[in-house]
Each structure stands twice: as C-alpha cells, then as structure tokens.
Amino acid sequence: MAINYYTDDCTFTYRGKVKTSAWIRETAHSEGWKCGAISIVFCSDARMLETNNKYLNHNYLTDIITFDYDNPDAKTISGDLMIGIETVRDNAEQFGVPFENELHRVIIHGILHLCGYEDKTPEAEKQMRELENRYLSIFYNSSSEENRTKK
C-alpha cells in the first residue's frame with residue numbers, strides 16, 4: 001500500500017519521499033510486518049498542540065503523534081504520523097544534530113510504534129532508542145552506498 005506525505009498548516013517540503021518510503025517498508029519487513037496505508041503529515045506546532053489536545057487530552061507540544069490503525073492479524077502496519085516540524089527543528093538544535101537526522105529519527109520512531117514498540121518505561125525507551133539507532137544506521141549507510149555507486 002501507499003505511504004503518502006502531506007503538510008498541514010505549514011510550508012514544509014520533504015524531498016526524501018522515495019528513499020524514506022523504501023526505508024519504512026524495509027524496517028516494517030525486518031520487524032515482521034508489511035506496510036498498509038501510512039500517512040506522514042508534517043504540521044505546525046499550533047496544529048500539533050490542537051491535535052494533542054483534541055485526541056489525547058494533552059496540553060503540550062510533542063514532535064510526533066502516532067495514530068495506529070494496524071491489522072495485527074494480517075501483520076500489516078497502517079497509521080498516521082503527525083510530525084511537528086518546528087519542534088523537530090528545535091530538538092535538532094537542542095541536541096546538536098542536523099535537522100534531517102532528527103526528522104528521520106522521529107519518522108522511524110513513529111514507524112516503530114506502529115510495529116508495536118512502546119516507550120513508556122525506561123526499559124522500553126532504551127529499546128526504542130536502540131532500534132531507532134539501528135534503523136537510522138541502515139538509512140544513512142544506504143545513502144553512503146548510493147553515493148559511492150554514483151561516482
């Protein structure tokens with residue numbers, strides 16, 4: 001199924017759709033899932049706060065909200081990932097990493113939630129970080145391979 005990218009209440013342009021979609025499919029497959037319909041929605045902090053209030057009754061900003069519509073019987077992940085672009089930018093600056101790295105971390109974080117991983121306890125959060133790092137490494141190593149073969 002399709003992985004679609006949208007913007008809501010912001011003017012963000014994401015140019016890595018093809019590579020990111022392939023990476024998402026590879027990640028899901030590695031975790032024993034296949035991809036159903038996935039929407040990645042890049043939005044403003046205002047929209048993120050509104051969504052967090054409306055659907056989760058949380059009155060604070062976050063970088064991602066994952067709405068899970070998985071079909072566990074069919075081992076298919078489906079859902080909406082709402083990503084607050086301004087918060088991702090702020091976090092990248094705070095952590096001293098490039099914006100794209102932080103954005104990819106947030107994307108794969110949402111995909112891992114769709115694959116059934118949680119981050120509510122210290123142990124679960126540690127596992128989530130390890131998985132994020134593993135899949136980010138795959139993403140960036142495939143970029144290096146592509147660049148070497150293009151030369």
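- The number of heavy-atom neighbours closer than 6.0 Å to CD of Glu50, taken from other residues, nucleotides and ligands shown, is above 12.
- Using cut-offs of 30° and 60° on the angle between ring planes, the pair Phe99 and Phe12 is perpendicular.
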- Query: Please walk me through it: do Tyr117 and Leu131 pass side chain to side chain contact (heavy atoms under 4.5 Å, CB included)?
  - Reply: CA-CA 10 Å; Tyr117 293 98; Leu131 289 165; 3.4 Å; yes
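- The cluster map of Ile, Leu, Val, Met, Phe, Trp and Tyr, joined by side-chain heavy atoms under 4.5 Å apart, puts Val106 and Tyr5 in the same cluster.
- The hydrophobic cluster containing Ile3 does not contain Ile65, counting ILVMFWY residues as joined when their side-chain heavy atoms lie under 4.5 angstrom apart, directly or transitively.
- Shown here for Ser78 and Gly36, the closest heavy-atom pair between the two residues is OG-CA, 3.4 Å.
- Applying the 6.0 Å contact sphere to NZ of Lys75 captures more than 12 heavy atoms from other residues, nucleotides or ligands.
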- Task: Go through the steps to decide whether Ile111 and Leu81 satisfy the test side chain to side chain contact (heavy atoms under 4.5 Å, CB included), and finish with yes or no.
- Result: CA-CA 8 Å; Ile111 296 301; Leu81 307 182; 3.9 Å; yes
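- Put simply, the side chain of Thr76 gets close to the backbone of Ala74: a donor and an acceptor are under 3.5 Å apart.
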- What's the verdict on side chain to side chain contact (heavy atoms under 4.5 Å, CB included) for Phe67 and Thr51, showing C-alpha distance, side-chain angles and the deciding distance? CA-CA 11 Å; Phe67 294 98; Thr51 302; 3.7 Å; yes
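- Residues Ile24 and Ile107 are in side-chain contact: their nearest non-hydrogen atoms beyond the backbone lie under 4.5 Å apart.
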- Message: Please evaluate residues Val41 and Arg47 with respect to the criterion side chain to side chain contact (heavy atoms under 4.5 Å, CB included), reporting the C-alpha separation (whole Å), side-chain torsions for both, the decisive distance (0.1 Å), and the verdict.
- Response: CA-CA 11 Å; Val41 182; Arg47 181 71 75 227; over 6 Å; no
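- Side-chain polar atoms of Tyr14 and Thr7 form no donor-acceptor pair below 3.5 angstrom.
- Nearest heavy atoms, Glu31 versus Arg134: OE2-NH1, 4.0 Å.
- Side-chain contact check for Leu114 versus Tyr69: every heavy-atom pair is 4.5 Å or farther apart.
- Counting only heavy atoms from C-beta outward, the side chains of Cys115 and Ile77 approach each other to under 4.5 Å.
- Side chains of Met82 and Met48 form a contact here, defined as non-hydrogen atoms less than 4.5 Å apart.
- With a 6.0 Å radius and a threshold of 12 heavy atoms from other residues, nucleotides or ligands, Phe95 has its CZ atom above the threshold.
- Two residues are said to be in side-chain contact when any heavy atoms from C-beta on lie closer than 4.5 Å; Glu102 and Glu93 fail this criterion.
- Contact annotation: the side chain of Asn52 never approaches that of Asn59 to less than 4.5 Å [non-hydrogen atoms, C-beta and beyond].
- In terms of heavy atoms, Ala2 sits closest to Asn4 at CB-ND2, 3.7 Å.
- Between the side chains of Asp63 and His109, no donor-acceptor pair is found at a separation under 3.5 Å.
- Between Glu86 and Arg89 there is no salt bridge, since none of the side-chain N atoms of the basic residue sits less than 4.0 Å from a carboxylate O of the acidic one.
- Closest approach of Asp9 and Ser44 over heavy atoms only: OD2-OG, 2.6 Å.
- Within the 3.5 Å criterion, the main-chain N or O of Pro72 finds no donor-acceptor partner in the side chain of Asp70.
- With Asn101 contributing its side chain and Val97 its backbone, the two residues share no donor-acceptor pair below 3.5 Å.
- Within a 6.0 Å radius of NE2 in His58, other residues, nucleotides and ligands contribute more than 12 heavy atoms.
- A donor-acceptor contact closer than 3.5 angstrom is absent between the side chains of Tyr135 and Glu26.
- In summary, the side chains of Thr87 and Asp45 do present a donor paired with an acceptor at a separation below 3.5 Å, with no hydrogens or angles considered.
- The closest side-chain donor-acceptor pair between Asn133 and Arg105 falls under 3.5 angstrom.
- Salt bridge Lys126/Glu130: present, at least one basic N to carboxylate O contact under 4.0 Å.
- Using cut-offs of 30° and 60° on the angle between ring planes, the pair Phe139 and His104 is tilted.
- In this structure the side chain of Tyr140 never reaches within 4.5 angstrom of the side chain of Ile138, judged on heavy atoms.
- For the pair Ile108/Thr27, a side-chain contact is recorded, criterion being any heavy-atom separation below 4.5 Å from C-beta on.
- The two residues Thr20 and Gly16 come nearest to each other via the heavy atoms OG1-O, 2.7 Å.
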